[in-house]
Amino acid sequence: MDTRPYIEKHKQRFIDELIELLKLPSVSADPHFKKEVLMTAGAVKINLEAAGCDTVEICDTPGFPIVYAEKIIDESLPTVLVYGHYDVQPPDPVDLWNSPPFEPVIQTTDIHPDGAIFARGACDDKGQMYMHVKALEVMIQNDSLPCNIKFMIEGEEEVGSVSLEWFLENNKEKLANDVILISDTGMISKEVPSITTGLRGMSYVEVEVEGPNRDLHSGLYGGAVANPINILSQMIASLHDENNHITIPGFYDKVEELSDEEREKMAEAPFDLEDYKKHIGIPEVHGEKGFTTNERNSIRPTLDVNGIWGGYTGEGAKTVIPSKAFAKISMRLVPNQDWREITDLFKTHFENIAPKSVKVKVKPHHGGQGYVTPIDGIEYQAADLAFQETFGKKPVPQRSGGSIPIVSLFEKYLSSKTVLMGFGLNSDAIHSPNEHFGIWNYLKGIETIPYFYKHFTKLYKEHKQ
């Protein structure tokens, strides 16, 4: 099987189709984009039909719909379920984009001399999801599809996949599979392929601190009344100690501690600290004492403020003590930490440290469990062999600092293992202005994915014998 000739012949069409998909502002977090999110589901359906799926349907959920598709060639063969999402993060702050976020442009960069597509969702996850659609087309047109394939493409991943558990519980037979394949992660570099073997869980909350019943004149009341912004800032600051250790009682009780041998193996992955600092424009790294940068952002839990607001933020000056202050806070969790338990611990602690001069509310948003992929199963072996075929080298197993909460749900409801074959790079600015996805990476993903099907089917048959 050689996927390259077909890809080379049709690569411009593959790029153009992705660009059209990226023009749709499918922002699931903003109700103003509801129409566009639904339009994107329809576009995904059309593309799956064109790629060769025999059955394609838009399935209603309590929230945004899930696009389901399948190509069943032989019930006796294994079935791969591809998961992806068609919704995207909000583009804000729009003024920091070099080009409009939903008007895709191709630009060259030092990392992407062949060009990269700049648009919201380019890498996360429309570009990576669409690699699988095109990989199916490649296999069908080359008569090389070795097994059955199903697609489940959702529209709520960026808001916590709020309807997915409901869908899984009600569609177990429809979604039955032998492995789940996801490309919503990245790899170390174009020269060093990697397979994500671990994901962090997450707890996301919003907090409100309320002081006086209205905004007050800071001259008449300053010094005599608690300022909610001041109080909120102090409370947030107290959530870490001098070693950047999270101070919530019980927070670390179930944290998985890796052995020295495992940490040494992690350290073998290529990493240049100076390049890391230069790329994101920081003078020095910062984090929990006693751990390296790569350990801090993958195997250790974190707590970060994602947004904070209150009072007057317009032009000029307005001297007020605000009535309320707010913050959004996310906690990335490691395996064994239960996100609901951590949310409860945060709520109890945050309410307990509030002074009597204010009232505090903690509103949980969403969360999910962490996940570790075994590297001794045929699923991982198939991905390993696929990368070797197209990159010419063995991929590095790597734990990710990101979260895909649905992976643990898949195992719970579908009893399936998940393989994470990502082709994005850390430099692709996902969730940030100027998100992009390298054309080389996009086409390399389309080239590599069919080899996963080839090797998984072969290993599956051998395993069954």
Side-chain angles (χ1 to χ4, degrees), residues 27-34 63 89-96 156 158-160 162 201-241 244-251 286 301-333 339-368 403 405 431-433:
V27 182
S28 55
D30 189 339
H32 292 99
F33 291 99
K34 180 179 179 179
Q89 282 277 320
D92 310 74
V94 177
D95 59 335
L96 294 183
E156 296 182 324
E158 300 294 5
V159 290
V162 289
M202 183 166 69
S203 166
Y204 196 98
V205 300
E206 182 175 327
V207 299
E208 173 187 313
V209 174
E210 181 180 4
N213 59 10
R214 64 185 187 278
D215 288 358
L216 301 176
H217 188 291
S218 66
L220 297 177
Y221 292 93
V225 174
N227 183 320
I229 295 179
N230 292 356
I231 298 296
L232 176 58
S233 300
Q234 292 164 5
M235 292 172 68
I236 289 173
S238 75
L239 295 175
H240 291 88
D241 65 17
N244 292 306
H245 197 266
I246 297 164
T247 57
I248 298 171
F251 188 87
H286 182 85
T302 63
L303 185 153
D304 287 292
V305 178
N306 304 128
I308 186 167
W309 69 98
Y312 180 69
T313 58
E315 294 292 330
K318 183 180 181 184
T319 52
V320 296
I321 294 174
S323 172
K324 295 181 179 181
F326 306 84
K328 293 181 186 289
I329 296 172
S330 65
M331 290 161 280
R332 299 283 177 170
L333 312 175
W339 75 270
R340 293 180 179 87
E341 182 179 334
I342 293 297
T343 301
D344 290 341
L345 290 175
F346 176 91
K347 183 176 186 296
T348 299
H349 178 68
F350 207 73
E351 291 172 347
N352 285 343
I353 63 174
K356 294 181 179 179
S357 53
V358 297
K359 291 178 285 187
V360 169
K361 294 180 184 177
V362 176
K363 176 185 176 184
H365 273 281
H366 62 268
S403 303
H431 292 210
S432 302

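Positions are given from 1, in the same order as the sequence printed here.
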Pair Glu208, Lys324 - check salt bridge (charged side-chain N to carboxylate O under 4.0 Å, His left out), show working. CA-CA 7 Å; Glu208 173 187 313; Lys324 295 181 179 181; 3.7 Å; yes
Are the side chains of Leu232 and Val207 in contact, using a 4.5 Å heavy-atom criterion? yes
Using a distance-only test with no angle check, is there a side-chain donor-acceptor pair under 3.5 angstrom linking Asn306 and Ser330? yes
Side-chain touch Thr343/Glu341, heavy atoms, less than 4.5 angstrom: no
Pairwise side-chain contact, Pro249 with Leu345, heavy-atom cut-off 4.5 Å (strictly under): no
Going through the distances and angles, do Glu206 and Lys363 end up as a salt bridge (charged side-chain N to carboxylate O under 4.0 Å, His left out)? CA-CA 5 Å; Glu206 182 175 327; Lys363 176 185 176 184; 5.0 Å; no
List the atom of Ala226, the atom of Ser357, and the distance in Å for their closest heavy-atom pair. CB-OG, 3.4 Å
Over all atoms of both residues, closest heavy-atom pair of Ile229 and Gly310: CD1-O, 3.4 Å
Would you say the side chain of Lys328 lies within less than 4.5 Å of the side chain of Trp309, judging by non-hydrogen atoms? yes
Under the rule for ring-ring contact (aromatic ring centres under 6.0 Å, His included), what residues qualify as partners of Tyr204, not counting sequence neighbours? His365, His366
Side-chain (Ser323) to main-chain (Pro212) donor-acceptor, under 3.5 angstrom: yes
Okay, side chain of Thr247, backbone of Ser238: is any donor-acceptor separation there less than 3.5 Å? yes
Test your reading of the model: is there a side-chain donor-acceptor pair from Asp92 to the backbone of Val94, 3.5 Å cut-off? no
Do you know the tightest heavy-atom contact between Ile246 and Phe251? CD1-CE2, 3.4 Å
